[in-house]
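Have a look at the structure below before the remarks.
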Amino acid sequence: MTAPLAPQYDPSAIEAPLYAWWQERGFYHADAHGEGEPYVIQIPPPNVTAVLHVGHGLNNTIQDVLIRFERMRGRRTLWLPGTDHAGIATQNVVEKLLAKEGLTRFDVGRDAFVARVWEFVNTTGGQILDQLKALGASCDWSRTYFTLDEGLSRAVREVFVRLYEQELIYRGKYIINWCPRCLTALSNEEAEKEETDGQIWHLRYPLADGSGSLVVATTRPETMLGDSAVAVHPDDPRYALLIGKHLRLPLIDRLIPIIGDDAVDPAFGSGAVKVTPAHDQTDFEIGKRHELEQIDILTPDAHINDNAPERFRGLDRFEARKRIVAEFTAAGLLEKLEPHRHAVGHCYRCGTVVEPRLSDQWFVKMQPLATPALAAYREGRISFIPERQGDNYAMWLENIRDWCISRQLWWGHRIPVWSCQTDGCTTTIVARDVPTRCTACGGTVVQDEDVLDTWFSSWLVPFSSLGWPDNTADLKAFYPGTTLVTAPEILFFWVARMIMAGLEFQGEVPFGTVYLHGTVRDTQHRKMSKSLGNGIDPLEVIDRFGADALRYTMVSGMAVGTDLILDPADLEASFAPGRNFANKLWNIGRFLLGHLEAGAVPVGDVPERELTLADRWILARAQETITTATLHYERFRLNDAAAAVYHFLWSDLADWYLEQVKPRLYGNHPGGETARAVAAHVFNVALRLLHPVMPFVTETLWKRLPGSAEAASISVAPWPVAADGRQDPAALIDFGALQAVVGAVRMLRAEYGVSPGATVNVTVADPSDAVRRAIAADSDAIRRLAKIAQLDVGLAPSEAGGAMVLEDQTMIIVPLGDLVDLEKECVRLGNEADKLEQLVRNQELKLGNENFVGRAPPAIIAKEREKLEGWRAQAATLREQRKALGCPD
RNA sequence: GGGCGAAUAGCUCAGCUGGUUAGAGCGCCUGCCUUACACGCAGGAUGUCGGGGGUUCGAAUCCCUCUUCGCCCACCA
């Protein structure tokens with residue numbers, strides 16, 4: 001593992017072997033009996049049939065960053081992975097496979113079908129978990145679960161039975177969302193409302209007594225086949241006299257009453273509503289209040305059934321709509337037609353328009369579970385990032401509706417309810433274990449055909465994955481967990497329900513913090529999706545640029561509460577920041593390691609007096625970086641943490657420190673040992689700070705650093721603490737002055753087109769104290785970095801040269817003789833001076849304003865005065881220089 | 001119909017509790033194959049901080065309003 005570094009950074013050569021080594025060494029296995037405060041993240045279990053997409057990439061990168069950070073901080077971390085059986089989704093996949101053979105699930109039968117799904121899952125399922133390994137995910141794979149495992153299934157049955165016994169689970173005939181394609185009930189959350197352009201038809205229904213007619217408005221004319229009344233508002237004067245009369249339903253000739261009900265909005269449409277209790281939620285309720293007949297006119301796959309006149313039977317619901325409208329038109333009963341925009345429910349798995357359908361289903365009574373979940377949030381036991389997501393959570397809980405948990409599928413947890421088959425015996429058995437006989441009459445029992453909603457197993461994951469209902473060591477050690485990282489889309493599906501389940505069955509919230517991150521979108525801000533073809537395959541990105549590049553790019557582009565925009569059409573551009581940075585790190589490592597072959601002494605052993613200004617500066621910067629990066633990681637500001645380390649490594653370490661100490665690293669320079677010690681140390685610190693984001697490169701380089709033997713892997717090395725740097729404000733100031741001097745000379749050189757190889761002479765006039773100290777400390781470095789032959793310090797000379805005034809009013813003059821275009825220099829100096837004088841005038845106005853001086857805090861006023869003096873002096877120096885050069889006024 | 005968020009350089013975004021000569025990365029321009037890195041080095045340009053009003057000594061930052069995008073929720077047929 002510690003072969004010399006290849007000259008070229010090649011992520012594909014290092015990442016896979018490194019991951020295998022991490023696994024082999026078991027660094028990410030959590031010990032239930034170990035030391036340290038637990039830190040637990042439950043992975044949002046991906047569908048067992050899923051393949052990694054960029055959304056998973058982002059979600060799991062964030063989790064891995066957090067878990068690696070906390071692991072290095074000494075927490076006993078557990079990142080618990082698993083997969084979800086994903087009832088509808090998985091069943092759909094296998095049904096599609098069957099369809100290729102020309103078969104339906106009904107052709108093969110339930111048992112054979114379920115066996116087929118298991119076979120599919122066992123052979124191809126869970127590949128996403130292997131793909132997560134390519135990403136670098138430091139999960140504890142030894143604990144990997146599947147929601148249909150025996151253990152988790154046992155938890156599901158236990159919960160069902162307990163809730164049933166508390167009368168929180170009930171069965172009943174209600175209007176539910178039905179997917180006519182998946183042939184199952186859906187929960188409210190699974191029926192996604194989408195704004196759709198539709199139409200509203202105004203249909204005329206004649207009164208039975210022939211005394212007139214009444215117009216109803218509907219968006220679904222086909223449901224008129226199931227109408228059992230027309231409702232108006234009881235106080236609507238237009239219809240007051242009609243209440244109690246009957247209408248003759250066109251096309252069918254059924255007599256239906258006109259009723260009064262508060263649910264009707266007199267202002268909408270005609271103020272009269274057709275009531276179809278079997279096909280609409282509101283109508284169902286109206287129907288109950290008025291004891292109306294519930295006429296179901298649709299088959300499960302949404303074709304007209306035998307309750308309708310023969311000519312409509314067998315028609316698809318949308319065909320039927322056309323037919324009905326045509327017949328109304330023909331009969332002169334279509335009053336008018338208007339465009340209408342409204343929300344239509346769609347199946348979240350297949351997109352089919354959902355049908356409100358009357359059927360017998362199992363429900364969980366949610367109110368009693370929601371109350372403690374709301375309280376937990378209000379009392380601060382759960383917090384959301386970004387905070388505003390908490391309002392969403394609370395609002396949903398406040399308006400919670402009962403949860404329809406039965407699904408008419410074959411793939412999933414079978415509902416643990418059996419009914420007696422004996423005539424006259426109505427015994428229902430709800431049991432943890434399969435009963436053999438009816439407990440009342442001893443007759444044979446038959447299990448409910450339905451399975452449970454997938455989320456009925458995933459809401460238990462925070463404890464079921466740890467062995468619940470047994471009181472296992474894992475459960476004791478790792479419940480409650482710590483942080484949950486997921487997308488806002490499943491806040492209600494999963495997050496809120498886990499909180500409810502955790503409180504109900506464990507008496508504690510399952511995690512304290514919920515971090516809801518944004519969505520990955522394309523440059524047109526469209527969500528990435530297969531159907532749009534605008535997706536990014538993370539595996540392709542890993543293949544081309546490496547997992548570290550992918551991770552860095554995602555982390556640095558993801559601020560709290562925002563979406564991540566990437567361009568699928570230009571992966572090169574999208575992932576350049578990460579790739580460039582990884583490459584830069586590699587080369588820093590190559591350079592540094594090349595000079596560390598003889599080893600390095602611990603920086604603590606270096607006598608204070610041997611530290612040069614640059615050494616002190618980089619140690620001070622290291623300390624600042626440790627502090628800020630740590631704080632940002634703690635606050636979930638991962639992009640800021642990454643940026644802080646990026647800046648330290650690239651700008652501070654590579655661009656300045658390493659350039660500055662190069663001569664000391666070469667050969668047997670007296671300061672060499674110190675430089676090696678400092679460089680090795682700060683690089684070590686920075687690699688550790690970056691490891692959560694870029695685990696592979698950092699590990700590869702870190703292992704080769706002298707002094708890394710303290711830990712077997714950087715991923716279990718201690719997190720840097722402030723004392724690993726050095727507080728040294730003076731070094732920050734003085735090295736800053738050095739940088740300013742070098743920068744000024746470089747600027748002037750570029751301005752005058754001095755050839756890169758040529759040296760120049762420089763006069764530093766009226767140096768500030770900091771500049772004076774910087775020159776005294778390291779004039780060699782200044783001369784080398786700015787390619788200066790002779791560096792003079794003194795009073796401003798009146799010689800022709802390029803000049804520049806630093807913020808601290810030090811004047812930098814590069815006498816360039818013929819190279820200087822005097823006229824151009826005069827203009828440049830003049831412009832600079834003008835700019836400063838404008839600032840001075842504004843500042844004078846500000847400081848002359850009595851309101852400002854009277855009301856602003858003294859500290860601010862002092863600061864503003866200082867600024868004014870600085871600009872004034874800079875401008876004056878520039879004017880002097882112009883005069884010295886003989887510039888015209 | 002309610003609720004929420006966003007609008008800052010050509011692009012993607014920082015800018016946390018109001019006081020910076022408004023920043024980063026990518027892209028762009030100029031010059032460099034300087035023996036760690038051209039996926040690089042040095043230098044540079046670019047913004048009436050979406051429009052309008054207000055609060056304040058002072059606003060990219062707070063308030064109102066308008067415009068444009070986006071998200072969530074909702075049984076007005």
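As the structure is a prediction and not an experimental result, all values here were calculated from the model. Residue numbering restarts at 1 for every chain, and letters A, B, ... go by the order of the sequence lines.
- Contact annotation for A:Glu807: base contact, defined as any heavy-atom pair under 4.0 Å involving a base atom.
- Ring orientation note: the planes of A:Trp396 and A:Phe492 are close to parallel, at an angle under 30° on the 30°/60° scale.
- As judged by a 4.0 angstrom heavy-atom cut-off over every strand, A:Tyr552 is placed among residues making no nucleic acid contact.
- In this pair, A:Phe493 and A:Tyr348 present their aromatic rings parallel. The plane angle is below 30°, not in the 30 to 60° band.
- Of the possible donor and acceptor atoms, one in the side chain of A:Thr196 sits under 3.5 Å from a partner among the backbone N and O of A:Glu194.
- Going from the C1' atom of B:rC26 to that of B:rU17 covers 32 Å, rounded to whole Å.
- Not a single donor-acceptor pair, N or O on each side, falls under 3.5 Å between the base of B:rA36 and the side chain of A:Gln8.
- Within the 4.0 angstrom heavy-atom criterion, only backbone atoms of the sugar-phosphate kind lie near A:His340; the bases stay farther away.
- Looking at heavy atoms from C-beta onward, A:Asp522 lies out of side-chain contact with A:Ile565 at the 4.5 angstrom threshold.
- Backbone-only contact: A:Arg746 has heavy atoms under 4.0 Å from sugar-phosphate atoms and none from a base.
- Residue A:Ile588 contributes atom CD1, which lies 11 Å from atom P of B:rG40 at whole-angstrom precision.
- A:Thr276 and A:Asp227 form a side-chain donor-acceptor contact under 3.5 Å, judged by distance and modelled atom types alone.
- Here the separation of B:rG15 from B:rC32, taken at their P atoms, is 39 Å to the nearest Å.
- Within 4.0 Å of A:Arg521, counting heavy atoms only, lie sugar-phosphate atoms of the nucleic acid but no base atom.
- Residue A:Pro857 is classed as a base contact, given a heavy-atom separation below 4.0 Å to a base.
- When the side-chain nitrogen and oxygen atoms of A:Lys863 are compared with OP1 and OP2 of B:rG19, none of them lie within a distance under 4.0 Å.
- Mapping A:Arg590 and A:Met395 onto RNA chain B by nearest heavy atom places A:Met395 closer to the 5' end of the strand.
- Checking the phosphate oxygens (OP1, OP2) of B:rA74, a side-chain nitrogen or oxygen of A:Arg401 falls inside 4.0 Å.
- The residue A:Lys527 sits apart from the nucleic acid: no heavy atom pair falls under 4.0 Å.
- A sub-4.0 Å separation between OP1 or OP2 of B:rG23 and a side-chain N or O of A:His647 is absent.
- Within the 4.5 Å cutoff, no side-chain heavy atoms of A:His340 are placed close to those of A:Gln199.
- A perpendicular orientation is assigned to the rings of A:Phe284 and A:Tyr174, their planes being inclined by more than 60° (bins at 30° and 60°).
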Give RNA chain B the dot-bracket treatment, 5' to 3': Watson-Crick (N1-N3 with N6-O4 or O6-N4) or G-U (N1-O2, O6-N3) under 3.5 Å, [ ] crossing, | other strand.
-> (((((((..((((.....[...)))).(((((.......))))).....(((((..]....))))))))))))....
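- Put simply, A:Trp650 has a side-chain N or O that comes within less than 4.0 Å of OP1 or OP2 on B:rC41.
- For A:Leu748 and B:rU30, the CG to C1' distance is 16 Å, given to the nearest whole Å.
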Table of protein N/O atoms under 3.5 Å from nucleotides 11-16 of chain B N/O atoms:
residue: B:rG15; atom: OP1; partner: A:Arg637; partner atom: NH2; Å: 2.5
residue: B:rC16; atom: O2; partner: A:Arg635; partner atom: NH2; Å: 3.4

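- Backbone-only contact: A:Asp655 has heavy atoms under 4.0 Å from sugar-phosphate atoms and none from a base.
- Between A:Trp650 and A:Phe581, the ring-plane angle classifies as parallel under the 30° and 60° cut-offs.
- Rounded to the nearest Å, the gap between the P atom of B:rA74 and that of B:rC66 is 26 Å.
- Among the heavy atoms of the strands lying under 4.0 Å from A:Glu195 is at least one base atom, whether or not backbone atoms are also near.
- Nucleotide B:rC73 holds its P atom 13 Å from the CD1 atom of A:Ile490, rounded to whole Å.
- A perpendicular orientation is assigned to the rings of A:Phe384 and A:Tyr377, their planes being inclined by more than 60° (bins at 30° and 60°).
- A side-chain donor-acceptor contact under 3.5 Å links A:Arg784 to the backbone of A:Glu659.
- Nucleotides B:rA22 and B:rG47, compared at atom P, are 11 Å apart to the nearest Å.
- In this structure a side-chain-to-backbone donor-acceptor pair under 3.5 Å is missing from A:Asn177 to A:Val354.
- Counting any heavy atom pair closer than 4.0 Å across all strands shown, A:Asp265 reaches a base atom.
- Between the C1' atom of B:rA74 and the CG atom of A:Asn177 lies a distance of 13 Å, rounded to the nearest Å.
- If you take CG of A:Asn392 and C1' of B:rG3, they are 8 Å apart, rounded to a whole angstrom.
- Using a 4.5 Å heavy-atom threshold, the side chains of A:Thr553 and A:Phe545 count as separate.
- Nucleotides B:rC63 and B:rG44 place their P atoms 38 Å apart, quoted to the nearest Å.
- Rounded to whole angstrom, the span from the CG atom of A:Leu571 across to the P atom of B:rC39 amounts to 18 Å.
- When distances run from any side-chain atom of A:Thr282 to the nucleotides B:rG44, B:rC75, B:rG19, the shortest one goes to B:rC75.
- As rounded to the nearest Å, B:rC72 and B:rC16 have P atoms that lie 27 Å from one another.
- As judged by a 4.0 angstrom heavy-atom cut-off over every strand, A:Ala267 is placed among residues making no nucleic acid contact.
- When ring centroids are compared, A:His595 and A:Tyr666 come within the 6.0 Å threshold.
- A donor-acceptor contact under 3.5 angstrom links the side-chain atoms of A:Glu659 to the base of B:rA36.
- Nucleic acid contact class of A:Trp396 (heavy atoms, under 4.0 Å, all strands): none.
- Of the candidate nucleotides B:rG19, B:rC39, B:rC37, B:rC39 has the atom nearest to the side chain of A:Arg579.
- Residue A:Val264 is classed as a base contact, given a heavy-atom separation below 4.0 Å to a base.
- Across B:rU48 and B:rA60, the matching P atoms stand 14 Å from one another, rounded to whole Å.
- Taking atom CD of A:Glu194 as the reference point, atom C1' of B:rA74 lies 15 Å away to the nearest angstrom.
- Put simply, A:Asn580 has a side-chain N or O that comes within less than 4.0 Å of OP1 or OP2 on B:rG40.
- Both A:Glu850 and A:Ala217 sit near RNA chain B, but only A:Glu850 has its closest nucleotide nearer the 5' end.
- Between A:Met528 atom CE and B:rG70 atom P there is a gap of 16 Å when expressed in whole angstrom units.
- Put simply, A:Lys584 has a side-chain N or O that comes within less than 4.0 Å of OP1 or OP2 on B:rC41.
- Across the P atoms, B:rG27 and B:rG18 are found 36 Å apart, a figure rounded to whole Å.
- Of the candidate nucleotides B:rC37, B:rA36, B:rG43, B:rG43 has the atom lying nearest to any side-chain atom of A:Met747.
- Under the 6.0 Å distance and 45° angle rule, A:Lys662 counts as a cation-pi partner of A:Phe591.
- As judged by a 4.0 angstrom heavy-atom cut-off over every strand, A:Ala231 is placed among residues making no nucleic acid contact.
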